[in-house]
2 protein chains.
Amino acid sequence: MSKTELNTVTESRILEAAEKVFYLKGKDGTSMQDIADEAKLTRTSLNYYYRSKDKLFDIVFRNTMGHFLPKVADLLNSERSLIDLLPELVELVIDSMLEKPQIPVFVLQELSSNPERLPQIWADLGIQPAETLRKMKNDALLAELPVDPRQLIINVISMCIFPFAAKPLLLELMYEHDEQAYITAMEERKELIQLMIKNMLKSS
Amino acid sequence: MSKTELNTVTESRILEAAEKVFYLKGKDGTSMQDIADEAKLTRTSLNYYYRSKDKLFDIVFRNTMGHFLPKVADLLNSERSLIDLLPELVELVIDSMLEKPQIPVFVLQELSSNPERLPQIWADLGIQPAETLRKMKNDALLAELPVDPRQLIINVISMCIFPFAAKPLLLELMYEHDEQAYITAMEERKELIQLMIKNMLKSS
DNA sequence: GTCTATATCCAGATAGAC
DNA sequence: GTCTATCTGGATATAGAC
């Protein structure tokens, strides 16, 4: 292996370690030492590769958003009606969360203390909120619905994401600490939410 | 005013300041200095009243849970069927969140990094998860439903709570930074979710 | 590239004057 | 009760040897 290859191997080992610890303890709860321990390196080396904690966190945060937002953005930027897209959206979001269930709390906490990050995120991913909102308002199929389309979408993403944000609670209250039972239930929700959507579109 | 009255006035001023800053920046993101500034005191005085940051945080956290969980617990501990209780639960939870919309992220973040706190919370509030789960399984009305009652409840609390956890996102994406429009929409959700519940109970 | 050693800073917490 | 002054520890980050 060449030196630059070794280099990138170490870099990604650091990123993995950083992600793991940041997800677990949050940005402020994590020290560079924690990450160094996890990556089996000294703090100095982290600084060598990523200069500062802020920079390292920033990369982890962007990677996290990049893990699922681009696919969501592709869907939203397509010319199809939102109603057609919803089933795919549900599938997509739940599958992403099953891979990394800690993402919701991690992202919500960061956005809640630093909402000014949002514009940068849209820019990174080529999303234009104003444009998306405009499209939604002009969407012929949506316009005929008995419900406010925004409420419809809020319902869907709430049901997709919240059960992961509240994982510890659900594990204890509903699934008797049985991880597998919890995961199975989350899988089942993909079908279940599709059904709920159909109901919402019918009801008046 | 007597000295002890002045005392308690200062104490509650500190608690208010602590709550405000903890809600905004999270436990690890806040320093005692931040709280002291907010309360217009020196750090020393905080320590005089509350001994340590951990103790202060603990009180804020318990107060927060106490803000809405006792009412929820009362509902769950009653002998009525969960199906009857759901409408009241929706009303209760959404109203609580409208009062303090930062609660969801604050609580979810803390529970996610310290899930071992949960047993203490049940103890404080006289909730017995095992008992509640048992009651749910023996609930005659629930047993006849076409859906897993746990999924039903997850859907309802997801739709009640998530829109507050994601407030910055919704404000930007759906309500063009119009706080009032956002609040009105959240109010409307009380009715809307009732309707969704009816649909869930009908569909097979 | 990775280490040890060190500089700087800031946080939490306490002692003691008033 | 509230302050100033101080202690101690831990965190980020850099310098410089190997």
Side-chain angles (χ1 to χ4, degrees), chain A residues 1-64 106 109-110 113-114 117, chain B residues 1-64 106 109-110 113-114 117:
Chain A
M1 239 188 311
S2 75
K3 222 153 197 190
T4 49
E5 275 175 70
L6 261 172
N7 212 312
T8 55
V9 166
T10 307
E11 274 176 31
S12 58
R13 208 174 76 221
I14 294 175
L15 276 188
E16 267 179 57
E19 183 180 292
K20 185 172 171 185
V21 185
F22 278 137
Y23 279 6
L24 196 66
K25 308 204 211 181
K27 176 179 181 174
D28 299 309
T30 307
S31 71
M32 291 295 264
Q33 187 63 58
D34 292 335
I35 299 171
D37 290 347
E38 182 70 33
K40 307 230 178 348
L41 281 170
T42 54
R43 271 173 304 145
T44 333
S45 302
L46 302 195
N47 279 321
Y48 173 76
Y49 284 103
Y50 293 99
R51 299 291 303 168
S52 78
K53 181 184 175 180
D54 271 348
K55 292 227 170 59
L56 184 50
F57 178 82
D58 217 64
I59 292 169
V60 170
F61 185 73
R62 281 166 193 250
N63 283 352
T64 301
F106 175 74
Q109 152 68 27
E110 178 63 15
S113 36
N114 296 84
R117 260 182 179 283
Chain B
M1 241 191 304
S2 76
K3 223 158 198 188
T4 49
E5 275 175 72
L6 263 171
N7 212 315
T8 54
V9 167
T10 309
E11 274 176 30
S12 57
R13 207 175 75 221
I14 294 176
L15 277 188
E16 268 179 57
E19 183 180 292
K20 183 171 172 188
V21 186
F22 278 137
Y23 280 5
L24 196 65
K25 307 203 211 182
K27 177 181 181 171
D28 299 310
T30 42
S31 70
M32 292 294 264
Q33 187 63 60
D34 292 335
I35 299 170
D37 291 347
E38 182 69 34
K40 307 234 153 88
L41 280 172
T42 54
R43 272 173 303 151
T44 334
S45 301
L46 302 195
N47 280 320
Y48 172 77
Y49 283 101
Y50 293 99
R51 299 291 301 166
S52 76
K53 180 184 175 180
D54 271 349
K55 293 226 170 58
L56 184 51
F57 178 81
D58 218 63
I59 292 170
V60 170
F61 185 73
R62 281 165 194 252
N63 283 353
T64 302
F106 176 73
Q109 152 69 25
E110 177 63 14
S113 36
N114 295 82
R117 259 182 180 282

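The chains referred to below are lettered A, B, ... by the order of the sequence lines, with proteins before strands, and numbering in each begins at 1.
Residues from residues 15-31 of chain B lying near DNA chain C, meaning a heavy-atom separation below 4.0 Å, are B:T30, B:S31 in numerical order. In the region residues 50-63 of chain A, proximity to DNA chain D at under 4.0 angstrom, judged on heavy atoms, holds for A:R51, A:S52, A:K53.
The OH-P distance, from A:Y48 to D:dA17, rounds to 17 Å in whole Å. The CG-C1' distance, from B:N47 to D:dG1, rounds to 14 Å in whole Å. Remark: C1' of C:dT14 and CG of B:L46 are 14 Å apart, rounded to the nearest angstrom. Atom P of nucleotide C:dT2 and atom CE of A:M32 are separated by 14 Å, given to the nearest angstrom. Remark: C1' of C:dA13 and CD1 of B:I35 are 14 Å apart, rounded to the nearest angstrom.
Under the rule for a side chain to side chain donor-acceptor pair (under 3.5 Å), A:N63 has no partner lying at least two apart in sequence or in another chain. Partners of A:S52 under the side-chain contact (heavy atoms from CB on, under 4.5 Å) rule, at least two apart in sequence or in another chain, are A:D54, A:K55. Listed by chain and number, the residues in a side chain to side chain donor-acceptor pair (under 3.5 Å) with B:Q33 are B:D37, B:R43 (sequence neighbours excluded). For A:T42, the side-chain contact (heavy atoms from CB on, under 4.5 Å) test picks out A:T44, A:S45, with sequence neighbours left out. By the side chain to side chain donor-acceptor pair (under 3.5 Å) test, B:R117 pairs with B:D58, B:E110, sequence neighbours left out.
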>> Is there a side chain to side chain contact (heavy atoms under 4.5 Å, CB included) between A:F57 and A:T30? Walk through the geometry before answering.
In response: CA-CA 10 Å; A:F57 178 82; A:T30 307; over 6 Å; no

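Going from atom CG of B:L56 over to atom CD1 of B:I35 covers 5.0 Å, rounded to the nearest 0.5 Å. The line from CG of A:L46 to CG of A:L15 is 10.5 Å long, rounded to the nearest 0.5 Å.
In this structure a side-chain-to-backbone donor-acceptor pair under 3.5 Å is present from A:Y50 to A:E11.
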Could you list the donor-acceptor pairs under 3.5 angstrom formed between side-chain atoms of residues 18-27 of chain B and any protein atom two or more places apart in sequence or on another chain?
{"unit_1": "B:E19", "atom_1": "OE1", "unit_2": "B:K100", "atom_2": "NZ", "d": "3.4"}
{"unit_1": "B:E19", "atom_1": "OE2", "unit_2": "B:K100", "atom_2": "NZ", "d": "2.8"}
{"unit_1": "B:K20", "atom_1": "NZ", "unit_2": "B:E38", "atom_2": "OE2", "d": "3.1"}
{"unit_1": "B:Y23", "atom_1": "OH", "unit_2": "B:T64", "atom_2": "OG1", "d": "2.8"}
{"unit_1": "B:K25", "atom_1": "NZ", "unit_2": "B:D34", "atom_2": "OD2", "d": "3.4"}

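Heavy-atom minimum distance, A:K40 versus A:R13: O-NH2, 3.6 Å.
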Using atom names, set out every protein N or O paired with an N or O of nucleotides 3-6 of chain D below 3.5 Å, distance rounded to 0.1 Å.
{"unit_1": "D:dC3", "atom_1": "OP2", "unit_2": "B:T42", "atom_2": "N", "d": "3.2"}
{"unit_1": "D:dC3", "atom_1": "OP2", "unit_2": "B:T42", "atom_2": "OG1", "d": "2.8"}
{"unit_1": "D:dC3", "atom_1": "OP2", "unit_2": "B:S45", "atom_2": "OG", "d": "3.0"}
{"unit_1": "D:dT4", "atom_1": "O4", "unit_2": "B:T44", "atom_2": "OG1", "d": "3.2"}

